[in-house]
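Reviewing the structure listed below.
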Amino acid sequence: MIGVFDSGLGGLSVLAALVDALPRADFSYYADTAHVPYGNKSEELIQGRVLAIGEHLANHDCELLVVACNTATAAAVQALRAAHPGVPVVGVEPGIKPAAQETQSGRIAVLVTEATANSQRLKHLIRDHAGRVEVFVEPCPGWATHVEMLQLDDPALAADVRARIEPLLDKGVDRIVLGCTHYSFLAPLLQEVVGSSAQLVDVADAVARQTQRLAGPLAHGAGTLHLHASAYPERLHAALPRLRLGHLAARIA
Ligand code: DGL
């Protein structure tokens, strides 16, 4: 079994890519909906949650873990690896490297939670992979909560998206990194504002390829999906069709 977790619904965007890459693997998805959003929480709290969820999944037959959350990866992937030395752990980090390689204008933006924006790990990622490319880090408070509430068409969200993205385009940014897995579900809204001025960069497929490399025999299971949540588990099932992931429902064991 492959364990995948996030603060809530965001990691389902990664899960969808994982299922595409590993259609016969068995997945256990855990949404920490009792503590969502992580983006406005302290590093200590996020670390505690990641270690508790990692323990839970490892005790329930998960032999590979995917931290389908940039915020949790930034705060706690090292601690999680140290706690489970025998379990491969795949983290999700903003696609600074591909964006910096592809930019024509030499200016990229990364959309993240407040916690990721303040993390040392993001600073190091930029230092190590952006080279001479200018990186604008844009925290987007509230966006993950809109996704969590399935308020994808809320006019207030659309206005905030426009208010944050337009100044970045004015600065000449031509690649916009989705540095939070919840934001994948806002891609249509973002695309409307961005038009042809910039491309959105999502790492879900790259994470799925990395997981595929580590999966070994876990790739050959029964193709099932187990959904768990620390609060309102029924909302997780109901969210699938709203997030255009209705096809995953047939796998639920
Ligand atoms: N989905 C998470 C991420 O990738 C965080 C959203 C939140 O809980 O604030 O960063």
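Ligands are counted one by one from 1 in listed order, and the atoms in each one are counted from 1 as well. Values below: every heavy atom of this structure, side chains too, minus hydrogens, waters and symmetry copies.
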Using a 4.0 Å cut-off on heavy atoms, what residues surround ligand 1? Order them by chain and number.
Asp6, Ser7, Val36, Pro37, Tyr38, Gly39, Cys69, Asn70, Thr71, Thr113, Ala144, Cys180, Thr181, His182

Can you confirm if the aromatic rings of Tyr29 and His226 lie within a centre distance of less than 6.0 Å?
no

If you look only at pairs with a residue in residues 202-218, which of them pass as a salt bridge (charged side-chain N to carboxylate O under 4.0 Å, His left out), with sequence neighbours excluded?
none

Any pair with a residue in residues 116-125 that passes salt bridge (charged side-chain N to carboxylate O under 4.0 Å, His left out), sequence neighbours left out, goes on the list, sorted by first then second residue, please.
Glu93-Arg121

Please check if the side chain of Gln210 supplies one atom and the backbone of Val90 the other of a donor-acceptor pair under 3.5 Å.
no

Any chain of hydrophobic side-chain contacts (each under 4.5 Å) joining Val207 to Val87?
no

So, using side chain to side chain donor-acceptor pair (under 3.5 Å) as the criterion, who are the partners of Thr181 when residues are at least two apart?
none

